[in-house]
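No experiment lies behind these values; they were computed from the predicted model shown.
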Amino acid sequence: MSKKELKTNAMRILDRKKIQYTFQTYACDVFVDGVTAADTAGLPHEQVYKTLVTVGKSGEYYVFVIPVAAELDLKKAARSVKEKSIEMLPVKELNKITGYIRGGCTAIGMKKKYTTLIDRTACILDCLYVSGGKPGMQLKLRPDDLKNVTDAQYADVIK
């Protein structure tokens with residue numbers, strides 16, 4: 001596979017914005033979960049973040065980027081976006097709403113700009129890993145660069 005074939009929409013956006021990143025691929029025949037993906041890629045769990053998409057009582061969509069081994073606290077998450085309640089977006093709707101599939105969802109370059117929150121644990125990291133836009137691809141970048149390119153905020157949203 002050529003380097004050109006490896007470029008994802010997320011990578012093209014980072015290139016356009018002149019944001020430094022590196023990428024890593026790993027074998028991913030069937031996506032299981034983020035922890036398995038981190039283990040397969042040989043990456044430390046505390047640096048790998050997953051992207052979760054939710055829908056609020058209002059019908060608005062929200063994106064949360066949290067540590068791969070953590071669980072989103074739906075009450076904290078709802079408060080952080082000033083919603084009465086939120087719930088996880090059903091997987092079958094993920095591609096329609098974001099343009100990404102399960103295992104390849106990233107906050108960078110979704111179909112629309114959604115309110116995005118990155119768990120505040122990312123603030124202490126020099127770098128973190130997020131999906132590169134397809135299963136089997138991880139991007140390594142600085143937390144503030146992810147925050148800036150997605151217009152995100154940091155918040156306490158995990159259990």
Side-chain angles (χ1 to χ4, degrees), residues 6-25 31 33-35 37-38 41 43-56 58-83 86-91 93-159:
L6 282 175
K7 286 280 182 180
T8 63
N9 190 42
M11 295 164 84
R12 284 187 280 279
I13 290 168
L14 293 173
D15 289 344
R16 245 190 335 268
K17 303 250 183 196
K18 297 188 179 354
I19 293 174
Q20 287 191 323
Y21 69 93
T22 59
F23 72 91
Q24 174 175 336
T25 60
F31 180 79
D33 60 43
V35 170
L43 299 172
H45 292 185
E46 60 277 358
Q47 283 186 290
V48 180
Y49 280 60
K50 60 188 172 185
T51 302
L52 303 175
V53 183
T54 63
V55 61
S58 68
E60 292 292 316
Y61 298 103
Y62 303 97
V63 178
F64 295 92
V65 182
I66 68 170
V68 75
E71 190 178 335
L72 183 65
D73 184 318
L74 293 174
K75 285 187 167 95
K76 283 183 185 177
R79 274 195 306 274
S80 71
V81 294
K82 297 174 179 42
E83 281 276 0
I86 61 168
E87 58 186 43
M88 295 301 300
L89 182 73
V91 173
E93 293 180 33
L94 188 64
N95 185 261
K96 181 178 87 175
I97 301 303
T98 68
Y100 291 115
I101 62 169
R102 183 174 182 262
C105 188
T106 181
I108 305 166
M110 289 189 172
K111 281 183 174 182
K112 291 183 178 177
K113 205 64 133 167
Y114 299 114
T115 298
T116 302
L117 293 148
I118 302 168
D119 188 69
R120 71 175 180 195
T121 55
C123 293
I124 63 167
L125 300 174
D126 290 333
C127 64
L128 54 72
Y129 294 85
V130 293
S131 175
K134 65 182 184 179
M137 165 97 46
Q138 290 287 309
L139 299 176
K140 178 183 179 183
L141 68 162
R142 292 185 11 214
D144 280 348
D145 287 340
L146 177 64
K147 177 182 174 284
N148 293 337
V149 77
T150 59
D151 292 329
Q153 298 297 318
Y154 292 116
D156 175 17
V157 294
I158 61 173
K159 289 187 179 184

- Item | Nearest non-hydrogen partners of L94 and L89, listed with the distance | CA-CD2, 3.9 Å

- Would a distance-only check, ignoring hydrogens and angles, find a side-chain to backbone donor-acceptor pair under 3.5 Å from R12 to K7? yes

- Is any side-chain N of the basic residue among R120 and D156 closer than 4.0 Å to the acidic one's carboxylate O? yes

- Task: Taking the side chain as every heavy atom from C-beta outward, state whether L14 and L139 have any atom pair closer than 4.5 Å.
- Result: yes

- Taking atom NZ of K17 as the centre, report whether more than 12 heavy atoms of other residues, nucleotides or ligands fall under 6.0 Å from it. no

- Do the side chains of D119 and V65 get nearer than 4.5 Å, heavy atoms only? no

- Item | pair M110-T51: side-chain heavy atoms closer than 4.5 Å | yes

- Query: Checking side chain to side chain donor-acceptor pair (under 3.5 Å) for the pair Y49/T121: CA distance, chi angles, key distance, verdict?
  - Reply: CA-CA 10 Å; Y49 280 60; T121 55; 2.7 Å; yes

- Task: Please report the C-alpha distance between K111 and T98 in whole Å, then the side-chain angles of each, then the deciding distance to 0.1 Å, and finally whether the side-chain contact (heavy atoms from CB on, under 4.5 Å) criterion is met.
- Result: CA-CA 5 Å; K111 281 183 174 182; T98 68; 6.0 Å; no

- Please name the pair of heavy atoms, one in A77 and one in I86, separated by the smallest distance, quoted to 0.1 Å. CB-CD1, 3.3 Å

- Note on the structure: Taken to the nearest 0.5 Å, the spacing of M11 CE from K134 NZ works out to 8.5 Å

- Atom of K159, atom of L72 and distance for their closest heavy-atom approach: CE-O, 3.9 Å

- Looking at side-chain heavy atoms only, is the closest gap between V35 and H45 below 4.5 Å? yes

- Please lay out, stage by stage, how Q138 and L43 fare under the test side-chain contact (heavy atoms from CB on, under 4.5 Å). CA-CA 10 Å; Q138 290 287 309; L43 299 172; 4.0 Å; yes

- Message: Apply side-chain contact (heavy atoms from CB on, under 4.5 Å) to residues L52 and V63 and explain how you reach the verdict.
- Response: CA-CA 6 Å; L52 303 175; V63 178; over 6 Å; no

- Apply the test side-chain contact (heavy atoms from CB on, under 4.5 Å) to residues D151 and T116: give CA-CA distance (whole Å), side-chain angles for both, the deciding distance (0.1 Å), then the verdict. CA-CA 7 Å; D151 292 329; T116 302; over 6 Å; no

- Item | Worked check of side chain to side chain donor-acceptor pair (under 3.5 Å) between Y62 and E83 | CA-CA 10 Å; Y62 303 97; E83 281 276 0; 2.6 Å; yes

- Task: Look at atom NZ of K76 and say whether more than 12 heavy atoms of other residues, nucleotides or ligands are closer to it than 6.0 Å.
- Result: yes

- Message: Does D144 form a side chain to side chain donor-acceptor pair (under 3.5 Å) with Y154? I'd like the steps, not just the answer.
- Response: CA-CA 9 Å; D144 280 348; Y154 292 116; 2.7 Å; yes

- Message: Can you confirm whether F64 sits close enough to V81 that some side-chain heavy atom of one is under 4.5 Å from a side-chain heavy atom of the other?
- Response: yes

- Taking all atoms of both residues into account, what is the closest heavy-atom pair of C105 and Y100, and its distance? CA-CB, 3.6 Å

- Message: Under a 3.5 Å distance rule, please check whether K50 uses its side chain to pair with a backbone N or O of A70 as donor and acceptor.
- Response: yes

- Query: How far does CG of D145 sit from NZ of K18, to the nearest 0.5 angstrom?
  - Reply: 14.0 Å

- Message: If we ignore hydrogens and angles and just use 3.5 Å, is the side chain of Q153 paired with the main-chain N or O of I118 as donor and acceptor?
- Response: no

- Task: Report yes if the side chains of I108 and T150 come closer than 4.5 Å at any heavy-atom pair, otherwise no.
- Result: yes

- Task: Kindly say whether A41 contributes a backbone atom to a donor-acceptor pair with the side chain of Q24 at under 3.5 angstrom?
- Result: yes

- Message: Let me confirm one number: the CD-CD1 distance from E46 to I124, rounded to the nearest 0.5 Å.
- Response: 9.5 Å

- Message: I'd like to know if the side chain of K140 reaches the main chain of L128, judged simply by a donor and an acceptor atom lying under 3.5 Å from each other, with no hydrogens or angles considered.
- Response: no

- Message: Less than 4.5 Å apart, side chain to side chain, heavy atoms only: is that true for P67 and V48?
- Response: no

- Message: Could you check whether any side-chain N or O of Y114 sits under 3.5 Å from a backbone N or O of I97, counting only pairs where one atom can act as donor and the other as acceptor?
- Response: yes

- For the student: nearest non-hydrogen atoms of P143 and A122, plus distance: CG-O, 3.2 Å

- Over all heavy atoms of both residues, which pair between N9 and G109 is shortest? Give the atoms and the distance, please. ND2-O, 3.5 Å

- Query: Taking atom NZ of K113 as the centre, does the number of heavy atoms from other residues, nucleotides or ligands within less than 6.0 Å exceed 12?
  - Reply: yes

- So do Q20 and L141 actually touch side chain to side chain, heavy atoms under 4.5 Å? no

